[in-house]
S.K.: 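Take this structure, written in structure tokens, and hold onto it; I'll ask about it next.
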Amino acid sequence: MPELPEAETIVRGLRPTIVGQFVRRAEVLREDILREPRANFARKLRGRTVTRVDRRGKNVLIGLDNDAVLAVNLGMTGRLLSFPSAPRGPSPAGHPAVRFHFRGGGVLIFDDTRRFGTVECLTASEWAERSDRMGPEPLAATYSSRDLYSALGTSRSPVRSWLLDQRRIAGIGNIYANEALYLAGVHPRTQARQLTHPEAVRLHRSIRRVLRNAIRAGGTTIRDYRTATGEEGQYARRLFVYGREEKPCAKCRTPIERIVFGSRSAFYCPGCQPAPPGR
DNA sequence: AGTGTATCCTGCAGGC
DNA sequence: TGCCTGCAGGATACAC
């Protein structure tokens with residue numbers, strides 16, 4: 001999906017355009033995006049005012065004036081597109097699932113080709129419970145390499161799979177997991193518990209560097225991802241390994257390899273990320 | 001506690 | 001041109 005940098009970019013684009021807006025109507029075009037009947041959902045939204053837009057992991061959070069939270073998970077192809085006035089002519093969204101109509105004519109569209117995304121209207125405590133089950137925010141000022149090292153703990157899971165587990169660390173998906181491991185010089189198949197302290201320090205630094213740089217570039221557009229204003233993210237050109245099978249490594253020219261485990265592709269440089277011992 | 005597999009969907013690229 | 005297969009930024013549930 002949209003991972004942390006894409007969600008963050010969307011949040012930053014949305015914040016100035018929808019905070020303070022009054023919801024006249026939530027129009028649900030694809031009910032399977034919700035986790036409740038559309039009438040329920042629409043009733044909870046009608047007449048509310050947006051008070052804040054935030055992010056937790058890969059989720060976009062739209063806070064309402066009764067402390068309810070609209071939690072949007074973008075899945076693989078979800079988009080949140082904001083329009084100052086109702087778009088005319090051919091729909092700018094190819095697969096609109098939910099349209100939020102604001103007083104004054106503004107429209108927020110959740111568009112999702114594959115419909116793996118979800119839009120849920122949760123109470124503050126329902127959201128808190130959900131958030132508590134998620135791992136720490138890797139970009140939090142207080143998130144340290146010691147936190148990462150101790151969390152890796154005794155897990156026998158390959159570190160690439162470990163990084164994708166939102167209960168362990170929030171916001172990392174397949175693109176940035178692979179990029180961070182490359183920059184840290186750690187093979188994606190290394191067991192989490194096998195990382196040395198220096199490797200964990202490098203991984204911590206790489207994760208934060210990759211995520212920050214991707215945010216600065218507005219995220220990675222492979223195909224579907226767009227910012228809240230419909231722009232493409234520019235980080236794709238800066239990827240070192242993701243999607244670059246057989247292309248030369250930028251550092252050592254060894255061809256990048258693709259392996260599959262955990263039913264996802266992992267990309268790495270055999271020269272810069274030596275195979276873990278015992279394999 | 002792990003891994004592999006399937007599932008939810010649609011669209012696109014590549015091979016023939 | 002058309003058909004078929006495989007693959008995709010996610011998340012979950014299941015059997016083993």
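First the proteins, then the strands, lettered A, B, ... as listed; each starts at 1.
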S.K.: Would you tell me whether A:Y182 and A:Q273 have side-chain atoms, one donor and one acceptor, within less than 3.5 Å of each other?
M.R.: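 Per modelled atom types, A:Y182 and A:Q273 side chains form no pair under 3.5 Å.
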
S.K.: Within the structure shown, what part of the strands sits under 4.0 Å from A:R130 by heavy-atom distance: base, sugar-phosphate, or nothing?
M.R.: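 No contact.
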
S.K.: Do A:N40 and A:R43 have a side chain donor and acceptor closer than 3.5 Å?
M.R.: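 The answer is yes; a qualifying pair exists.
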
S.K.: Answer yes or no: does a side-chain N or O of A:H95 lie under 4.0 Å from OP1 or OP2 of B:dG11?
M.R.: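 So the side chain of A:H95 is within the cut-off, an N or O lying under 4.0 Å from OP1 or OP2 of B:dG11.
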
S.K.: Respond yes when some side-chain nitrogen or oxygen of A:N174 is under 4.0 Å from OP1 or OP2 of C:dA8, and no when none is.
M.R.: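 No, A:N174 has no side-chain N/O under 4.0 Å of OP1/OP2 on C:dA8.
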
S.K.: Of the options B:dA13, B:dG2, B:dC9, whose atoms approach the side-chain atoms of A:R223 most closely?
M.R.: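 In terms of side-chain proximity for A:R223, the closest of B:dA13, B:dG2, B:dC9 is B:dA13.
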
S.K.: Expressed in whole Å, how much space separates the P atoms belonging to B:dA6 and C:dT5?
M.R.: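 Straight-line distance between the two P atoms is 15 Å.
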
S.K.: Specify the separation, in whole Å, of atom CE of A:M76 and atom C1' of B:dC12.
M.R.: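 About 13 Å, once rounded to whole Å.
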
S.K.: Compare the minimum distances between each of B:dG2, B:dT10, C:dG10 and the side chain of A:R264, then state the nucleotide with the smallest one.
M.R.: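 Per side-chain heavy atoms of A:R264, the pick is C:dG10.
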
S.K.: When the side chains of residues 238-249 of chain A are checked against the rest of the protein, which donor-acceptor pairs come out under 3.5 Å, sequence neighbours left out?
M.R.:
| unit_1 | atom_1 | unit_2 | atom_2 | d |
| --- | --- | --- | --- | --- |
| A:R244 | NE | A:F240 | O | 3.3 |
| A:E245 | OE1 | A:R258 | NE | 3.4 |

S.K.: When you compare B:dA1 with C:dG10, how far apart are their C1' atoms, in angstrom units rounded to a whole number?
M.R.: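 About 22 Å, rounded to a whole number of Å.
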
S.K.: If you pin A:S263 and A:R168 to their nearest nucleotides in DNA chain B, which one's is more 5'?
M.R.: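 Whichever sits nearer the 5' end wins; that is A:R168.
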
S.K.: Whole-Å distance between C:dA8 P and A:E6 CD?
M.R.: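 Those two atoms, CD and P, are 17 Å apart.
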
S.K.: Just call it for A:Y176: base, sugar-phosphate, or nothing, with non-hydrogen atoms closer than 4.0 Å on any strand.
M.R.: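 Nothing, no nucleic acid heavy atom in range.
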
S.K.: If I take atom CD in residue A:E31 and atom C1' in nucleotide B:dC9, what distance separates them, rounded to the nearest angstrom?
M.R.: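 It works out to 17 Å between those atoms.
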
S.K.: Once hydrogens and angles are ignored, does a donor-acceptor distance under 3.5 Å link the base of C:dA8 to the side chain of A:R114?
M.R.: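 In this structure, the two groups form a donor-acceptor pair.
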
S.K.: Looking only at side-chain atoms of A:R115, point me to the closest of B:dG2, B:dC9, B:dG4.
M.R.: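 For A:R115, the side-chain atoms sit closest to B:dC9.
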
S.K.: Does the side chain of A:S131 pick up a donor-acceptor pair with the side chain of A:R56 at under 3.5 Å?
M.R.: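 Per modelled atom types, A:S131 and A:R56 side chains form a pair under 3.5 Å.
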
S.K.: Which nucleotide in the set C:dA11, B:dG4, C:dG10 lies at the smallest distance from any side-chain heavy atom of A:E3?
M.R.: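 In terms of side-chain proximity for A:E3, the closest of C:dA11, B:dG4, C:dG10 is C:dG10.
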
S.K.: So, are A:R38 and A:E31 salt-bridged, with charged N and O less than 4.0 Å apart?
M.R.: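 Salt bridge flag = yes for A:E31 with A:R38.
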
S.K.: Quick test of the criterion, 5.5 Å between centres and less than 30° between planes. Is A:F116 stacked on B:dC8 or not?
M.R.: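 One would call A:F116 stacked on the B:dC8 base.
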
S.K.: Any chain of hydrophobic side-chain contacts (each under 4.5 Å) joining A:L29 to A:F100?
M.R.: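 The answer is no; the residues belong to distinct hydrophobic clusters.
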
S.K.: Can you measure A:D32 atom CG to B:dC9 atom P for me and round it to whole angstrom units?
M.R.: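 Interatomic distance, CG of A:D32 to P of B:dC9: 6 Å.
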
S.K.: Mind checking A:S265 for me? I need base, sugar-phosphate or nothing, with any heavy atom below 4.0 Å counting as a touch.
M.R.: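 The residue A:S265 makes sugar-phosphate contact but no base contact.
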
S.K.: Just compare B:dT5, C:dG10, B:dT10 and give me whichever is closest to any side-chain atom of A:K58.
M.R.: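 Closest nucleotide among those given: C:dG10.
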
S.K.: Between C:dC7, B:dG2, B:dG11, spot the one nearest the side chain of A:R258, thanks.
M.R.: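 Within the option list, the nearest is C:dC7.
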
S.K.: Suppose we define a pair by two distances each less than 3.5 Å, Watson-Crick or G-U wobble; what does B:dC9 pair with here?
M.R.: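 Across any shown strand, B:dC9 pairs with none.
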
S.K.: Between B:dG2, C:dA8, C:dG10, spot the one nearest the side chain of A:Y242, thanks.
M.R.: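 Selected nucleotide (nearest to the side chain): C:dA8.
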
S.K.: OP1 or OP2 of B:dG2 versus the side-chain N and O atoms of A:S155: is any pair under 4.0 Å?
M.R.: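 So the side chain of A:S155 is within the cut-off, an N or O lying under 4.0 Å from OP1 or OP2 of B:dG2.
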
S.K.: Students often get this wrong, so: under 4.0 angstrom with heavy atoms, is A:D224 touching a base, only sugar-phosphate, or nothing?
M.R.: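 Base, at least one base heavy atom under 4.0 Å.
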
S.K.: Closest approach to the side chain of A:S157, judged atom by atom: which nucleotide of B:dC9, B:dT5, B:dG2 is it?
M.R.: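 The closest nucleotide is B:dG2.
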
S.K.: Do A:S82 and A:T17 have side-chain atoms, one donor and one acceptor, less than 3.5 Å apart?
M.R.: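 A:S82 vs A:T17: donor-acceptor pair found between side chains.
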
S.K.: A:R189 CZ to B:dG4 P: how many Å, rounded?
M.R.: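 Going from CZ in A:R189 over to P in B:dG4 covers 7 Å.
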
S.K.: I want to check one thing: is the phosphate of B:dG11, taken as OP1 and OP2, less than 4.0 Å away from some side-chain N or O of A:T77?
M.R.: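 Negative; the distance criterion is not met.
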
S.K.: Grab the CD1-P distance between A:I33 and C:dG10 for me, whole Å please.
M.R.: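 For the pair A:I33 CD1 and C:dG10 P, the rounded distance is 16 Å.
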
S.K.: Rounded to whole angstroms, how far apart are CG on A:L163 and P on C:dG10?
M.R.: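 In whole Å, C:dG10 P and A:L163 CG are 12 Å from each other.
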
S.K.: When the C1' atoms of B:dC8 and C:dC4 are compared, how many Å lie between them, rounded to an integer?
M.R.: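 Approximately 22 Å lies between the C1' atom of C:dC4 and that of B:dC8.
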
S.K.: Would you kindly give the CH2-to-P distance between A:W162 and B:dA1, to the nearest whole Å?
M.R.: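 Result: 15 Å.
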
